[in-house]
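Reviewing the structure listed below.
Every number for a ligand or one of its atoms is a count from 1 in the order of the listing. In this chain, residues are counted from 1 in sequence order.
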Amino acid sequence: MKDHAPRASDRTVRLEEYAPFPWIVGDVSLTFRLHPTATRVLSRITFAPNPAAPSGPFFLHGEKLKLIEASIDGAPVSPTITDEGLTCDVPGTPFVFEAEVEIDPSGNTALDGLYMSGGMYCTQCEAEGFRKITFYPDRPDVMAPFNVRIEGPEDAPLPVMLSNGNPGAQEGNSAEWHDPWPKPSYLFALVAGDLVAKSGTFTTASGMPVALNVYVRPGDEDRCDYALDSLIRSMRWDEQEYAREYDLSVFSIVAVDDFNMGAMENKGLNIFNSKYVLASPDTATDVDFEMIEGIVAHEYFHNWTGNRVTCRDWFQLCLKEGLTVFRDQQFSGDMRSEPVKRIDDVLALRARQFREDNGPLAHPVRPESYIEINNFYTATVYEKGAEVIGMLRRLVGAEAYRAALDLYFERHDGQACTIEDWLKVFEDATGRDLSQFKLWYSQAGTPRVEVSEEWDEEAGRLALTFRQHTPPTPGQPDKAPLVIPIALGLLDAGGNEIMATEVVELTEAEQRVEIGLGTGDADLASDAPRVPGRPVPSILRGFSAPVILQRQTSAEERAFLLAHDTDPFNKWEAGRALARDVLVRMVTEGAEADPHYLSALEMVAKDDALDPAFRALALSLPSQDDLAQAIHDGGATPEPTAIWAALRRLAEEIGGTLEPVLSRLYDEMRVPGPYTPDAESAGARALRGAALAYLSRVDGGSRAAAQFAEAGNMTEQLGALGALLRIGKGEEELAAFRRRWEGDRLVMDKWFALQAASASPAEAHDVALRLTGDPAFDWTNPNRFRSVIGALTGNVAAFHEPEGRIYRLVTDWLIRLDPVNPQTAARLTTAFETWKRFDADRQGMIRENLERLSAVDGLSRDTSEMVGRILA
Ligand code: PHE
Ligand code: ZN
């Protein structure tokens, strides 16, 4: 055992080294005697030798625990204790282990384990936080029913004391909870404090009533309705779409202000970052409402995909996360516009996952080793993990997918599973061999798919040749061909569909597909009639695979697809590619804004047959980061300030050229009446907001100033403020906004974030100093830290301002945050993951700062692993 603080390299955990726990846990009883600095945790755990595992030493995880006493079968023992846990001699027969430990919730600033937030006790145990609560085999393949007793502090009784499962005796200053469903320790939760609930009920399809509660701090009760409503819709949807019913008499959500992540699916007691619970029209934007709906659904869906069927080990994280993200995406698509949801999801995938997959932090959907598991809650595990499920569903079809899921739940309920179990279910349900498909789980990197096209006029036949390759990623120099489903459509010269969308399955490095009369080897449209004139292919419809499509396409063809494609994703994609090409030429060649692009954009903006939400997306420009990536992919070095300037120039051009249609939209898209967060109203507001942002570039901000003054909801107020800040105005409005919302943490986060996100490169440093020096910059709160430091790093030109002052400032803050909250610090180091794209000067300055960070004495395992990988 180690007697020094572990350095990152000391503790690599490997998938291939998995071994089952040598004991079976029968049941677990815990008693908590709550105290802010000295909480006592009494545990009573039954163990029996595990016949399915080779015997080994008895080791229980435990970190930062003060052991008061321990016993086995009632006889006191003196275990050996290290930084990581406890070992002890135990009998070879079943036994009862009991321990009493003391922990300090108020000293726990890492927000992992039992901690305090605003005077309330709460827990976060995924992935390895339970070991900071008591000694336990803290690994997901050890599942047991839990009995919990909570005793409040005698001098300050707590009105609400919650844990997982169904309520037992609740008397005076104590509460008992019993969770009958065997669960891993990472799903344990406890909450105690002065809370109030907004409650409801849900009756399951089989008639079981469930009490629903959304717990918040007193004063926030009027901001819970949307979360509760989203929960009810999620429960209904999971019954209808997956035949999954809830399984306890209570389901609660608790909102917590200090939280490292979005939310957590603890059995029957979800704990949420308050940002994803609290919403009222005047404090939350349409995007906030949509996020709340999606995250409430996500955590609820985990009840089956994650909790009832859990992960054998943390390498299998995508088993629950990829599937649950896929399910929440389906849900949101059903609640709102499916194509708009798909475009949003692809935007997020490209912004976060492609970025990760094409840099030093690239890793497979199922990683093979890690040093700190908290660093692997990534876009690759979540979002690419969801894409892999989406491809599987596309390949086997919706019906077979449902049958496979039924089999999955039937076969694996109550188990801790692997990706092999998951794929076997699909093989058994469909008879398909998924061995090549499985590479999606083990091979990192974003595949490139090149397409070339030949048209045989005489035969009336179109041939497409696909070539796939995946660039090397850290530790994986050579890549094999993957199974890639390519959804394909064909349009004739008049813009009409010639055939229904077909799915081509790529399996080889190079593959030729013929479309038309008398097709040869292609399994595609073999009975299709002769194609009458040269058609335009629409490739990768619905973004049927998470790949980068490389295809030489003329601006005319893109404009044609933007005008005519019936696949909404590809229609949007055509416009996005056009915008990207135009901007890249503006940045690298100093070109003018292309008039063809402007007129194509105008056509879409004008087309009232199109959903406003879709038009809002079509009007949005690629981000600074997208452009940096595109320029880098094209073999050039992106210059952040030039990208920023080109985006501004194009926005001004759009504002000027499209002024007539934009001002019409600005007037017509006004949503009358009281605010409602539904998709249709939100879509109209999004289009109106996009119009306002462009118009503000040319109207001196008059519309935005007026809108700010009149706004009846946060979406319009914040939209107006953003439009003003981006044209260098809005100082008074900023002050007014602050005066109005000073006491509201979530709204003040927006106040900070908006300024950091819209600072120009020239003013970035001043803005950063002002924001971080603000007395309201409560940097130990993760939301507030992210709203300043995170938003600053997301503003590419500001982050990379040429003098490197923001690199230094961000690094200083990471050094300060790391000892307080390593998880959040480590996560923010990803700001640097794209550093190799930039010029030598910037790379030099970044390296200097990363090395400075890495040399910090006592740097956390979390941050040192991240910095090490980024620098490697
Ligand atoms: N499991 C949570 C989710 O995806 C995320 C999470 C991970 C939260 C680790 C906290 C800590 O729903
Ligand atoms: Zn999740």
List of N/O pairs, ligand 1 versus protein, all under 3.5 Å?
{"unit_1": "ligand 1", "atom_1": "1 (N)", "unit_2": "Glu126", "atom_2": "OE1", "d": "2.6"}
{"unit_1": "ligand 1", "atom_1": "1 (N)", "unit_2": "Glu265", "atom_2": "OE1", "d": "2.8"}
{"unit_1": "ligand 1", "atom_1": "1 (N)", "unit_2": "Glu321", "atom_2": "OE2", "d": "3.1"}
{"unit_1": "ligand 1", "atom_1": "4 (O)", "unit_2": "His298", "atom_2": "NE2", "d": "3.3"}
{"unit_1": "ligand 1", "atom_1": "4 (O)", "unit_2": "Glu321", "atom_2": "OE1", "d": "3.1"}
{"unit_1": "ligand 1", "atom_1": "4 (O)", "unit_2": "Glu321", "atom_2": "OE2", "d": "3.2"}
{"unit_1": "ligand 1", "atom_1": "4 (O)", "unit_2": "Tyr382", "atom_2": "OH", "d": "2.6"}
{"unit_1": "ligand 1", "atom_1": "12 (O)", "unit_2": "Glu265", "atom_2": "OE1", "d": "3.3"}
{"unit_1": "ligand 1", "atom_1": "12 (O)", "unit_2": "His298", "atom_2": "NE2", "d": "3.3"}
{"unit_1": "ligand 1", "atom_1": "12 (O)", "unit_2": "Glu299", "atom_2": "OE1", "d": "2.7"}
{"unit_1": "ligand 1", "atom_1": "12 (O)", "unit_2": "Glu299", "atom_2": "OE2", "d": "2.7"}

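The aromatic rings of Phe130 and Phe146 stand perpendicular to each other, their planes meeting at an angle above 60°, with 30° marking the opposite boundary.
Counting backbone and side-chain atoms alike, Glu321 contributes an N/O/S atom closer than 2.8 Å to the Zn ion (ligand 2).
When all heavy atoms are compared, the tightest approach of Val216 to Cys224 is CG1-SG, 3.5 Å.
With Lys750 as reference, Asp288 is the one residue of Thr285, Thr283, Asp288 to meet the side chain to side chain donor-acceptor pair (under 3.5 Å) rule. Of the candidates Asp179, Asn307, Asn164, Asp247, Lys267 forms a side chain to side chain donor-acceptor pair (under 3.5 Å) with just one, namely Asp247.
Arg308 forms a cation-pi arrangement with Trp181, by the criterion of a distance under 6.0 Å to the ring centre and an angle within 45° of the ring axis.
For Asp112, the salt bridge (charged side-chain N to carboxylate O under 4.0 Å, His left out) test picks out Lys132, with sequence neighbours left out.
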